[in-house]
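Working notes for the structure below.
Proteins get letters first, then strands, A, B, ... in listed order; numbering begins at 1 in each. All heavy atoms count here, side chains included; hydrogens, waters and symmetry mates do not.
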2 protein chains.
Amino acid sequence: MAPERSKTKGTPRTRTEKVHHALRSAIIEQRLAPGVRLPEDTIGESFGTSRTIAREALGRLAVEGLVELIPNRGAFVANPSLEEGRGIFVVRRALERAMVLELAGRIESDIAARLHEMVAREAALASHNEAEAIRLAGEFHLTLAQLTGNPLLIRYVTETVSRCSLVLAMYGRPHSADCGAREHAAVVEALIAGNAEEAAELMDRHLADVASRALLPARAQKDIREVLSAYAKDIDLD
Amino acid sequence: MAPERSKTKGTPRTRTEKVHHALRSAIIEQRLAPGVRLPEDTIGESFGTSRTIAREALGRLAVEGLVELIPNRGAFVANPSLEEGRGIFVVRRALERAMVLELAGRIESDIAARLHEMVAREAALASHNEAEAIRLAGEFHLTLAQLTGNPLLIRYVTETVSRCSLVLAMYGRPHSADCGAREHAAVVEALIAGNAEEAAELMDRHLADVASRALLPARAQKDIREVLSAYAKDIDLD
DNA sequence: TCTCTGTTTATCGCATGCAATCTACCTCCA
DNA sequence: TGGAGGTAGATTGCATGCGATAAACAGAGA
């Protein structure tokens, strides 16, 4: 027989999981820049474990799309192209639209209070601490996902939020991620009121705005491929 | 600088990747039933590799949600509850809706011909070979995903289609997956005509129908938890 | 100076071994 | 008979070591 379901797989228990989560955080928080090389023994030494652990964690991050694994060459922090970045936002919008539709009208009053408090904190921090505000904004979306109780939706939203923040860090203009609090508040109101379609529309616009504000200009100097590919076409190496 | 992008990560090159893919196929094709235990050395022996390889593959499958990993206990084929099954369909509908919206009006004529041919083959097989028809139906959705050229969307649609077939195998009634050809054809027409919203609506209804026809009855005798949980609530073990 | 080629070195791919943990069974006692 | 406790076996968690691969470098020839 199958084992009983693990309740809510709390804090990671094995070293592999710990390193996995730690690396993910480091990537999402931009402590590890896109394209950076991630050698196994360096990671092992950093965390005080063997290469085995580092290796496993890297493999899992590769499945999540946060790391690129090249056989016999090693692992690198994912370095998505602008085009891929747009694609990720497309998926995220679809997912969060569905998420909001699921949630509308099903918010208990105590949950509503929690959401209100969350948005208020966002608004309060927006002007002071930008890094913290960005983190809170992401957490808002993750909290909503968890409220659906849909495991796959939770996983996908978590992944897309992670990767979107990576993309924004690469291509986004500074300050492009703020102004979220007011829009988040509007979504929360619509959710509580039970206006499903309105909530979905608000969320969709919110994310579309974030994406377009940040991603429209195709000049992202951090990725020279974007620049060079235009020139490469006109060159004949043979 | 970051390495150049791997073109289309062809066939898996490392053993880990090979085992990873092989296990995934086995699970999706129901060769490994949900809930089945997956011991590391058994897998290693089966593939002629060491436990290390099996272990890594299992870790990656766990990230994909196809395997459940329990610390110090081992790995098990995912055993989604009916409720999770419904959740997976919710996600799939959202993704395929977005997919269709991306595609509408952007179908080149040669692609249109390919889609027509595909749907025709589905229709032809529907009455004869059920297993093959089901496989073709899944392939239709995957083909559309690939046409978007959005790597993340492709991955997610692939994953959800896989898992939906797993769910249908667990909980679906026999014959619940057919009747797809006609609905697929309608979607294709709307796509080619460029009626984005109509195509999205058609696809959404199509999937909602499949889900509800198959999943509505909450009696799925393969999962005794569904049955027992109702009784468990009335029992006090202390 | 440029290119081609042989060598070096850093890193990965994978197997194996040992300690820790869980499961199952068996014994003992009420 | 039913349950508690303890022991043996199986299986995982993790570290380490060896062979293999590819990038980096150096030297020879043009």
Side-chain angles (χ1 to χ4, degrees), chain A residues 1-7 9-23 32 35-63 66-79 235-238, chain B residues 1-7 9-23 32 35-63 66-79 235-238:
Chain A
M1 181 51 209
E4 78 254 39
R5 195 149 301 269
S6 65
K7 331 295 174 188
K9 61 169 172 183
T11 47
R13 271 270 139 263
T14 71
R15 296 188 194 190
T16 298
E17 280 168 1
K18 287 178 193 167
V19 173
H20 178 190
H21 285 255
L23 280 177
L32 295 171
V36 160
R37 188 188 168 82
L38 300 171
E40 292 175 0
D41 15 7
T42 303
I43 294 171
E45 285 170 27
S46 305
F47 287 101
T49 73
S50 75
R51 287 194 308 127
T52 307
I53 306 301
R55 183 179 178 69
E56 257 183 85
L58 289 172
R60 298 187 189 186
L61 289 167
V63 173
L66 288 175
V67 154
E68 182 155 7
L69 231 47
I70 303 182
N72 283 316
R73 294 248 290 128
F76 302 82
V77 177
N79 204 353
I235 290 179
D236 193 3
L237 294 174
D238 300 314
Chain B
M1 186 49 210
E4 79 253 39
R5 193 150 303 268
S6 64
K7 331 294 174 192
K9 61 169 172 184
T11 47
R13 271 272 138 263
T14 71
R15 295 187 196 192
T16 299
E17 279 167 4
K18 286 178 193 167
V19 173
H20 178 191
H21 285 255
L23 280 178
L32 294 171
V36 159
R37 189 191 168 80
L38 300 171
E40 293 175 358
D41 12 2
T42 304
I43 295 172
E45 284 169 28
S46 305
F47 288 100
T49 73
S50 75
R51 285 195 308 125
T52 307
I53 306 300
R55 183 180 179 70
E56 256 183 86
L58 289 173
R60 298 185 190 186
L61 289 167
V63 174
L66 288 175
V67 153
E68 183 156 5
L69 230 48
I70 302 181
N72 283 317
R73 293 245 292 127
F76 302 82
V77 178
N79 201 357
I235 291 179
D236 194 3
L237 295 175
D238 301 314

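The two atoms that bring A/Ala54 and A/Gly44 nearest to each other are CB-N, 4.0 Å, heavy atoms only. When all heavy atoms of A/Gly35 and A/Asn79 are compared, the pair lying nearest together is CA-ND2, 3.8 Å. Of all the heavy atoms in A/Leu38 and A/Phe76, the pair that sits closest is CD1-C, 4.2 Å.
Of the candidate nucleotides C/dC22, C/dC14, D/dT11, D/dT11 has the atom lying nearest to any side-chain atom of B/Arg37. Relative to the side chain of A/Asn72, the nucleotides D/dG13, C/dG13, C/dA15 differ in distance, and C/dG13 lies closest. The side chain of A/Asp41 lies closest to C/dC12 when the candidates are C/dA15, C/dC12, D/dT16.
In this entry the distance linking CZ of A/Arg13 with P of C/dT21 reads 11 Å, nearest Å. We find that CG of A/Leu69 is positioned 16 Å from P of C/dT11, with the value rounded to whole Å. Spacing between atom CD of B/Glu40 and atom P of D/dC14 amounts to 11 Å, rounded to whole angstrom units. Regarding A/His20, its NE2 atom lies at a distance of 14 Å from the P atom of D/dC14, rounded to whole Å. What separates NZ of A/Lys18 from P of D/dG13 is a distance of 13 Å, to the nearest Å. Counting to the nearest Å, the P atom of C/dC12 and the CD atom of A/Glu45 are 11 Å from each other. The distance between atom CZ of A/Phe76 and atom P of C/dT11, rounded to the nearest whole Å, is 11 Å. Summarising the geometry, the separation between CD on A/Glu17 and C1' on D/dG13 is reported as 11 Å, rounded to the nearest angstrom.
As judged by a 4.0 angstrom heavy-atom cut-off over every strand, A/Arg51 is placed among the base-contacting residues.
Look at A/Arg15 and you'll find a side-chain N or O under 4.0 angstrom from OP1 or OP2 of D/dA15. Contact between the side-chain N/O atoms of B/Thr16 and the OP1/OP2 oxygens of C/dC14 is found at a separation under 4.0 Å. Regarding contacts with the backbone of C/dT23, a side-chain N or O of B/Arg73 is found under 4.0 angstrom from either OP1 or OP2.
Between B/Lys18 and B/Thr49, the closest side-chain pair of non-hydrogen atoms is not below 4.5 Å.
For D/dT12, the base has no donor-acceptor partner in the side chain of A/Thr14 [N/O atoms by modelled type, under 3.5 angstrom].
Residue-to-nucleotide proximity on DNA chain C shows that, of A/Thr42 and B/Gly48, the 5′-proximal contact is made by A/Thr42. Between A/Ser50 and A/Pro71, the one whose closest nucleotide on DNA chain D sits nearer the 5' end is A/Ser50. If you find the closest nucleotide of DNA chain D to A/Ile53 and to B/Gly74, the one lying nearer the 5' end belongs to B/Gly74.
For the atom pair CZ of B/Arg13 and CD1 of A/Ile70, the computed distance is 15.0 Å after rounding to the nearest 0.5 Å.
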